[in-house]
Amino acid sequence: MAALFYPGILTMQFLAAIAFISGIICSGASGPPLTLDYYASSCPNVLEIIHQEMEREVLSDPRNAALVLRLHFHDCFVQGCDGSVLLDDTVLLRGEKTASPNINSLKGFEIIDRIKNKVESECPGIVSCADILTIAARDAVILVGGPYWDVPVGRKDSRSASYELANTNIPTPNQGLIAIIYKFLYLGLSVTDTVALSGAHTIGVARCENFRARIYGDYESTSGGSPLSEVHLSQLKSTCPAAGGGDNNIAPLDYETPYTFDNSYYHLLLNGEGLLNSDQELYSSVLALQTKQLVEQYALDVAAFFQQFSVSIVKMGNLTNPDSFLNGEVRKSCRFINA
């Protein structure tokens, strides 16, 4: 058995070395520091406005919390948290919305539009879309039972986007553990951050196209074929046929408490019932050394999960685009750069 794990350990060390080097490269040109009081005098009510608007959105449909949280993740994984994911395609700019990981999975842009309009009516030209999205993601988590964390602000909106980086940087549902960890490490996010941030999948849904390989692959073997898991697998297969369409049919990532931010996601991984391969790999992969221990810890202790998630998402949210501090702006519309 030991022979199986030594290559994994070496691979992890190799990836950690890459991440360290990448971190030096990425952090070489740092922008102005983000602060908690950036809008204290220029837009003192911004946090209240965003919270009230998110509260309306979540009350109208609890699924909106997951939509906004996913937007935040996909924004930060490309160029840092600079609002680039919100940009529409134009003649002069190719945005990130049509990149493979985004085109069918990202929704909720209208939610950010509505919040932006409210903020602009109070403080025109002051609050960036990047900050609005980051704050809204925090409030979305709180509103469905998750933890609170302070959000450092002061981001500028990028005047560019990267379709190419969206296709390469964002983790995809069928990737293996090493590829997933690498994508987090490349951004300076640790293995612990990887497991904690993956817990965001305690809310939200996935499309059949993204979990078909899992349910017709090793789902039954990882779940042990228990009666309850067999029933759920049968339901998933009725939602997502092996062939012949149904790509856009959806299923909750956490079928136990789909609209509550809790640690149920980790319980499902312990039972071998993670909906996405990328999720179950955190526990079931032969290389899941540190990640398996973390899954077990967060399944046992929701407070530990909440505490680490709060730390890790602030760390992710602080990934900035140095160029945006020099050449960025506060967009009038989150969908288009200013004229």
[X]: side-chain contact (heavy atoms from CB on, under 4.5 Å) partners, not counting sequence neighbours:
X      : answer
Pro173 : Asn210, Leu276
Cys123 : Cys43, Ile126
Tyr255 : His232, Pro252, Leu268, Glu273
Tyr38  : Thr35, Val153, Lys156

Practice task
Please find out if less than 6.0 Å separates the ring center of Tyr265 from that of Phe305.
Solution key: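 When the ring centroids of Tyr265 and Phe305 are compared, they turn out to be at least 6.0 Å apart.
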Practice task
Mark yes when over 12 heavy atoms from residues, nucleotides or ligands other than Tyr259 sit less than 6.0 Å from its OH; otherwise mark no.
Solution key: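 Not buried by this count: 12 neighbours or fewer within 6.0 Å.
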Exercise for the section: Check whether more than 12 heavy atoms from other residues, nucleotides or ligands sit under 6.0 Å from atom CD of Glu329, and answer yes or no. Expected result: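 Buried by this count: over 12 neighbours within 6.0 Å.
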Side chains of [Y] and [X]: any donor to acceptor distance under 3.5 Å?
X      : Y      : value
Arg214 : Tyr219 : no
Asn117 : Glu120 : no
Thr222 : Gln280 : no
Asp254 : Thr257 : yes

I'd like to check [X] versus [Y] (side-chain heavy atoms, cut-off strictly below 4.5 Å). Are they in contact?
X      : Y      : value
Ser128 : Tyr39  : yes
Glu96  : Ile170 : no
Thr260 : Ile203 : no
Asp131 : Val330 : no

Handout entry: N/O donor-acceptor pair under 3.5 Å between Arg155 side chain and Pro152 backbone
Key =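 It does hold such a pair.
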What distance do [X] atom [atom1] and [Y] atom [atom2] have between them, rounded to the nearest 0.5 Å?
X      : Y      : atom1 : atom2 : answer
Leu187 : Cys76  : CG    : SG    : 9.0 Å
Asp218 : Asn277 : CG    : CG    : 6.0 Å
Asp82  : Asp323 : CG    : CG    : 9.0 Å
Ser226 : Asn271 : OG    : CG    : 7.0 Å
Glu55  : Leu143 : CD    : CG    : 6.0 Å

Handout entry: Verdict with supporting geometry, Asp150 and Val314, side-chain contact (heavy atoms from CB on, under 4.5 Å)
Key = CA-CA 8 Å; Asp150 289 320; Val314 169; over 6 Å; no
Problem - Chi angles and distances behind the side-chain contact (heavy atoms from CB on, under 4.5 Å) call for Lys97, Asp89 - result: CA-CA 8 Å; Lys97 292 180 179 180; Asp89 286 358; 5.6 Å; no
Any link between [X] and [Y] through a network of hydrophobic side chains (Ile, Leu, Val, Met, Phe, Trp, Tyr) touching at under 4.5 Å?
X      : Y      : result
Val78  : Tyr163 : no
Ile142 : Ile135 : no
Leu282 : Phe73  : yes
Val205 : Leu233 : no
Phe77  : Ile178 : yes

Could you pull out every donor-acceptor pair under 3.5 Å between side chains of residues 296-304 and any protein atom, sequence neighbours left out?
unit_1 : atom_1 : unit_2 : atom_2 : d
Asp301 : OD1    : Ala303 : N      : 3.1
Asp301 : OD1    : Ala304 : N      : 3.2

Practice task
May I have the step-by-step check of side-chain contact (heavy atoms from CB on, under 4.5 Å) for Asn263 and Thr202, ending in yes or no?
Solution key: CA-CA 7 Å; Asn263 64 341; Thr202 189; over 6 Å; no
Handout entry: Carboxylate-amine/guanidinium contact Arg335 Asp113, below 4.0 Å
Key =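 Yes.
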Handout entry: Heavy-atom pair of closest approach, residues Ala130 and Gly83
Key =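 In this case the closest contact between Ala130 and Gly83 is CB-N, 3.7 Å.
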Practice task
Can you see which heavy atom on Asp139 is nearest to which on Leu47, and at what distance?
Solution key: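 Closest pair (atom of Asp139, atom of Leu47, distance): OD2-O, 4.3 Å.
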Problem - Contact list for residues 299-339, test disulfide bond (SG atoms under 2.5 Å apart), sequence neighbours left out - result: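 Counting only pairs at least two positions apart or across chains, the disulfide bond (SG atoms under 2.5 Å apart) contacts touching residues 299-339 are Cys129-Cys334.
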Using atom types as modelled, flag every donor-acceptor pair under 3.5 Å from a side chain in residues 236-246 to any protein atom, sequence neighbours excluded.
unit_1 : atom_1 : unit_2 : atom_2 : d
Ser238 : OG     : Gln235 : O      : 2.6
Thr239 : OG1    : Gln235 : O      : 3.1

Check: residues 58-68 side-chain donor-acceptor pairs under 3.5 Å, at least two apart:
unit_1 : atom_1 : unit_2 : atom_2 : d
Ser60  : OG     : Arg56  : O      : 3.4
Ser60  : OG     : Glu57  : O      : 2.7
Asp61  : OD1    : Arg63  : N      : 3.0
Asp61  : OD1    : Arg63  : NE     : 3.2
Asp61  : OD2    : Arg63  : NE     : 3.3
Asp61  : OD2    : Arg63  : NH2    : 3.0
Asn64  : ND2    : Glu57  : O      : 2.9

Exercise for the section: Let me see the working for Glu209 and Asn248 under side-chain hydrogen bond (donor to acceptor under 3.5 Å, both in side chains), right down to the final yes or no. Expected result: CA-CA 7 Å; Glu209 182 180 38; Asn248 292 320; over 6 Å; no
Exercise for the section: Among residues two or more places apart or on two chains, list those pairs meeting side chain to side chain donor-acceptor pair (under 3.5 Å) that have a residue in residues 98-107. Expected result: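 Matches after skipping sequence neighbours: His74-Asn102.
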Practice task
Please collect all salt bridge (Lys or Arg N to Asp or Glu O under 4.0 Å) contacts where either partner lies in residues 182-194, sequence neighbours excluded, each pair once.
Solution key: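 Every salt bridge (Lys or Arg N to Asp or Glu O under 4.0 Å) pair that includes a residue of residues 182-194, provided the two are not neighbours, is Asp193-Lys315.
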Exercise for the section: Could you list all the ring-ring contact (aromatic ring centres under 6.0 Å, His included) pairs where at least one residue sits in residues 81-129, not counting sequence neighbours? Expected result: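 Residue pairs with at least one partner in residues 81-129: there are none.
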Problem - Inter- and intrachain pairs under ring-ring contact (aromatic ring centres under 6.0 Å, His included), touching residues 125-160, at least two apart - result: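 Those involving residues 125-160 are Trp149-Phe309.
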